[in-house]
Amino acid sequence: MKRSVVIAAAIVAIASSTGALAQGITGTIRSVDRKADTITLMSGEVLRLPEQIEVERFRAGEKVKVHYFTSKTGRATVSSIHTLM
């Protein structure tokens with residue numbers, strides 16, 4: 001049992017040292033900023049879209065499911081985003 005606690009602690013330490021932890025959120029887009037390549041959800045969460053995800057695909061009012069990483073500086077960058085019906 002002691003070994004499993006040590007392994008679990010090591011996994012947590014490694015994950016937190018990378019500075020980026022995966023998170024997920026579902027929400028409605030409040031606004032789209034094409035110049036900054038970001039979307040803002042109704043909750044106030046601002047998410048940066050990487051180059052491979054075209055910001056032009058999204059419109060205010062769309063419901064989306066987003067997976068993203070938050071950097072040490074607090075910047076949230078989308079890894080995947082899907083519109084919901």
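All of these numbers come straight from a predicted model, not from anything done at the bench.
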Enter the distance from I39:CD1 to E62:CD here, rounded to the nearest 0.5 Å.
9.0 Å

About how many Å separate CD of E45 and OH of Y68, when rounded to the nearest 0.5 Å?
4.0 Å

For the side-chain contact (heavy atoms from CB on, under 4.5 Å) test, which of I25, V46, T28 pairs with L41?
I25

4.5 Å side-chain heavy-atom contact, T26 and V66
no

Please find the pair of heavy atoms, one from R57 and one from I81, that lie closest to each other, and give the distance.
NH2-O, 4.1 Å

Stepwise side chain to side chain contact (heavy atoms under 4.5 Å, CB included) check, V32 with V55
CA-CA 7 Å; V32 177; V55 70; 3.4 Å; yes

Would you say Q52 has more than 12 foreign heavy atoms packed within less than 6.0 Å of its CD?
yes

Side-chain contact, heavy-atom cut-off 4.5 Å: T40 with D33?
no

Distance (rounded to the nearest 0.5 Å) between S79 OG and I53 CD1:
7.5 Å

Taking the side chain as C-beta and beyond, is there a heavy-atom pair between T77 and S71 under 4.5 Å?
no

What's the shortest heavy-atom distance between R34 and F58, and which atoms?
NH2-O, 3.9 Å

Closest approach of R59 to E56 (non-hydrogen atoms, all atoms of both residues):
NH1-O, 2.9 Å

Less than 4.5 Å apart, any side-chain heavy atom of V64 and any of I29?
yes

Counting only heavy atoms from other residues, nucleotides and ligands, does the tally under 6.0 Å from CZ of R75 exceed 12?
no

Pairwise side-chain contact, V78 with P50, heavy-atom cut-off 4.5 Å (strictly under)
yes

How long is the gap from OG on S80 to NZ on K65, to the nearest 0.5 Å?
8.5 Å

Tell me, yes or no, whether the heavy-atom count around E54 atom CD, taken from other residues, nucleotides or ligands under 6.0 Å, exceeds 12.
no

